[in-house]
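Since we're looking at a predicted model, the values are computed, not measured.
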Amino acid sequence: MPMPEDDRALAVYIASPLGREGRGGIDRLMDMVIGEIENRRDLGVEVTRITTRGDRNIALSPFYLALAMAHLSVARFRRRVDILHINLSNHGSTYRKLALAAWARALGVPYVLHLHSGRYEQFLDTSPASLVASIRTMFVRSAYVIVLGDYWARAVASRFPEVESKLVVLPNACPGGERLRRVDEAGPVQILFLGKLVKAKGISELIGALGKLRERSDWVATIAGDGDIETWRRQADSLGIGERVDFPGWLGPEEAWMRLGQADIFVLPSHVENLPVALVEAFGMGLPIVTTPVGAIPEVVRDGDNGILVPPGDVEALAGALRRLLDEPELRRRLGDQAQRDHQARHEMGRYLRRLADLWRQAGGFASGA
């Protein structure tokens with residue numbers, strides 16, 4: 001396997017917003033990537049994480065960003081960085097990454113952009129021309145731009161045609177898992193949502209749909225994530241389902257994985273998405289999925305084959321999809337089995353890491369690995 005000079009491992013710095021076990025999909029994905037790479041010497045890659053925002057207190061983000069830039073400077077001086085991997089979202093994330101990318105260019109460190117935001121189109125279309133010009137420069141000067149689906153490749157290329165040749169479609173991945181519940185296991189069907197508890201994730205519609213199922217006694221639901229839990233709990237109480245809907249708050253990686261293993265149905269009725277990590281994790285666990293055709297989701301979820309798609313904001317359609325899965329355990333089994341096969345074919349972590357490592361080598365001017 002070709003290596004950087006002196007046969008050392010390719011040195012990759014990964015810039016993520018909140019750091020290890022950060023409360024968001026980007027850090028969740030990077031936790032998996034970094035953890036797997038640390039156990040995969042055959043990849044010939046060494047990763048170092050730098051944090052650009054910091055957890056919880058946004059006022060400290062300038063400090064974290066300055067510290068990340070200082071770490072990058074020291075690594076460049078010591079010739080211990082070959083590639084910078086920049087995870088990018090909208091608004092504050094973009095402002096921070098503009099500074100980091102410019103600093104990388106000044107240091108002579110090539111960088112790869114990894115676009116995660118489900119709102120980047122709207123962000124670009126509503127930003128002033130001067131900001132869009134700066135973002136264009138950041139994209140054009142990158143080695144590659146990773147997007148999570150063809151939808152996002154088209155969205156970026158339509159705004160920045162100069163980067164079309166640099167776009168790489170690399171859908172999210174995760175390790176596979178083994179469900180802890182059989183489809184025919186006794187007890188209520190476990191319905192699970194994982195994500196931020198905000199309107200854009202369709203939480204109001206989900207609770208409303210569950211309310212339409214309140215006369216049934218064959219289900220319970222977990223709605224897990226950060227957000228205004230009390231508002232959503234009051235909505236559930238007002239619909240008479242408060243005792244059957246659990247709001248545990250944010251779940252760490254191990255507990256989230258355990259909940260996925262115990263679930264029967266995964267539901268994500270978002271209005272806006274890129275390609276959610278939680279959805280890919282549900283695929284890896286072999287869960288039937290109810291979700292919406294937004295962002296890159298319809299490139300992954302095929303209605304009636306490995307999941308059920310409903311229009312965003314449609315409470316009746318969402319309730320109908322959940323009712324159908326409650327009524328038809330064999331459908332749950334079939335959709336979940338196909339989801340797991342699709343995970344192995346398109347979202348398996350080993351294959352993802354090999355593609356990512358090859359991309360990093362190419363970005364740094366090194367030959368691709370085997």
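Between the side chains of Asn87 and Ser16, no donor-acceptor pair of N or O atoms lies under 3.5 Å. A side-chain N or O of Gln338 and one of Asp342 form a donor-acceptor pair less than 3.5 Å apart.
Minimum interatomic distance between Pro17 and Asp27 (heavy atoms only, all atoms of both residues): CG-OD2, 3.3 Å. Between Leu148 and Leu115, the shortest heavy-atom distance links the atoms CG-O, 3.7 Å. Nearest heavy atom pair, residue Ala68 against residue Thr52, reads CB-CG2, 4.4 Å.
In the hydrophobic clustering of this structure, Leu279 groups with Leu251; members are Ile, Leu, Val, Met, Phe, Trp, Tyr whose side-chain heavy atoms approach within less than 4.5 Å, directly or through other members.
Proximity of Ser61 to Arg96: side-chain heavy atoms (C-beta onward) are separated by under 4.5 Å at one or more points. In this structure the side chain of Arg53 reaches within 4.5 angstrom of the side chain of Leu18, judged on heavy atoms. Taking 4.5 Å as the limit, every side-chain heavy atom of Leu356 sits out of range of all side-chain heavy atoms of Leu43. Side chains of Ile146 and Leu113 form no contact here, defined as non-hydrogen atoms less than 4.5 Å apart. At least one side-chain heavy atom of Val45 sits less than 4.5 Å from a side-chain heavy atom of Val47. Within the 4.5 Å cutoff, side-chain heavy atoms of Met69 are placed close to those of Leu65. Within the 4.5 Å cutoff, the side chain of Asp82 has no heavy atoms near those of the Val12 side chain. Contact check for Lys166 versus Ser142: side-chain heavy atoms found under the 4.5 Å cut-off.
Leu353 contributes atom CG, which lies 10.5 Å from atom CE of Met32 (distance to the nearest 0.5 angstrom).
Panel note: side chain Asp226, backbone Leu197; no donor-acceptor pair is recorded below 3.5 Å.
Contacts of Trp257 classified as side-chain contact (heavy atoms from CB on, under 4.5 Å), with partners at least two apart in sequence or in another chain: Leu260, Glu281, Met285. Not counting sequence neighbours, the partners of Ala75 by the side-chain contact (heavy atoms from CB on, under 4.5 Å) test are Tyr13, Val81. Every residue two or more places apart in sequence or in another chain was checked for a salt bridge (charged side-chain N to carboxylate O under 4.0 Å, His left out) with Arg332, and none qualifies. In terms of the side-chain contact (heavy atoms from CB on, under 4.5 Å) criterion, residue partners of His271 (sequence neighbours excluded) are, by chain and number, Glu205, Pro312. Qualifying side-chain hydrogen bond (donor to acceptor under 3.5 Å, both in side chains) partners for Ser270, counting only residues two or more places apart in sequence or in other chains: Glu273. Under the side-chain contact (heavy atoms from CB on, under 4.5 Å) criterion, Glu38 pairs with Ile34, not counting sequence neighbours.
Taking a cutoff of 4.0 Å between a charged side-chain nitrogen and a carboxylate oxygen, Arg354 and Asp42 do not qualify as a salt bridge.
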**OP:** Would you check, one step at a time, whether the test side-chain hydrogen bond (donor to acceptor under 3.5 Å, both in side chains) holds for Tyr144 with Gln362?
**Re:** CA-CA 9 Å; Tyr144 290 104; Gln362 294 164 24; 3.3 Å; yes
Listing, residues 320-329 side-chain donor-acceptor contacts under 3.5 Å, not counting sequence neighbours, or none:
from, atom 1, to, atom 2, distance (Å)
Asp327, OD1, Arg216, NH1, 2.9
Asp327, OD1, Arg216, NH2, 2.8

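For the side chain to side chain contact (heavy atoms under 4.5 Å, CB included) with Leu192, the qualifying choice from Thr222, Ile223, Asp264, Leu268 is Thr222, the only one to do so. Screening Arg23, Arg49, Arg20 for a salt bridge (charged side-chain N to carboxylate O under 4.0 Å, His left out) with Asp31, the sole residue that qualifies is Arg49.
Sorted by first and then second residue, the ring-ring contact (aromatic ring centres under 6.0 Å, His included) pairs with a member in residues 318-345 form an empty list; sequence neighbours excluded. Listed by first and then second residue, the salt bridge (Lys or Arg N to Asp or Glu O under 4.0 Å) pairs involving residues 104-123 are Glu121-Arg159 (not counting sequence neighbours). The ring-ring contact (aromatic ring centres under 6.0 Å, His included) analysis of residues 96-137, with sequence neighbours excluded, yields the pairs His85-His114, His91-Phe123, His114-His116, Tyr120-Phe123. Screening residues 238-250 for side chain to side chain donor-acceptor pair (under 3.5 Å) gives Asp246-Arg259 as the qualifying pairs, with residues at least two apart or on separate chains. Listed by first and then second residue, the ring-ring contact (aromatic ring centres under 6.0 Å, His included) pairs that reach into residues 151-184 are Phe139-Phe160, sequence neighbours excluded.
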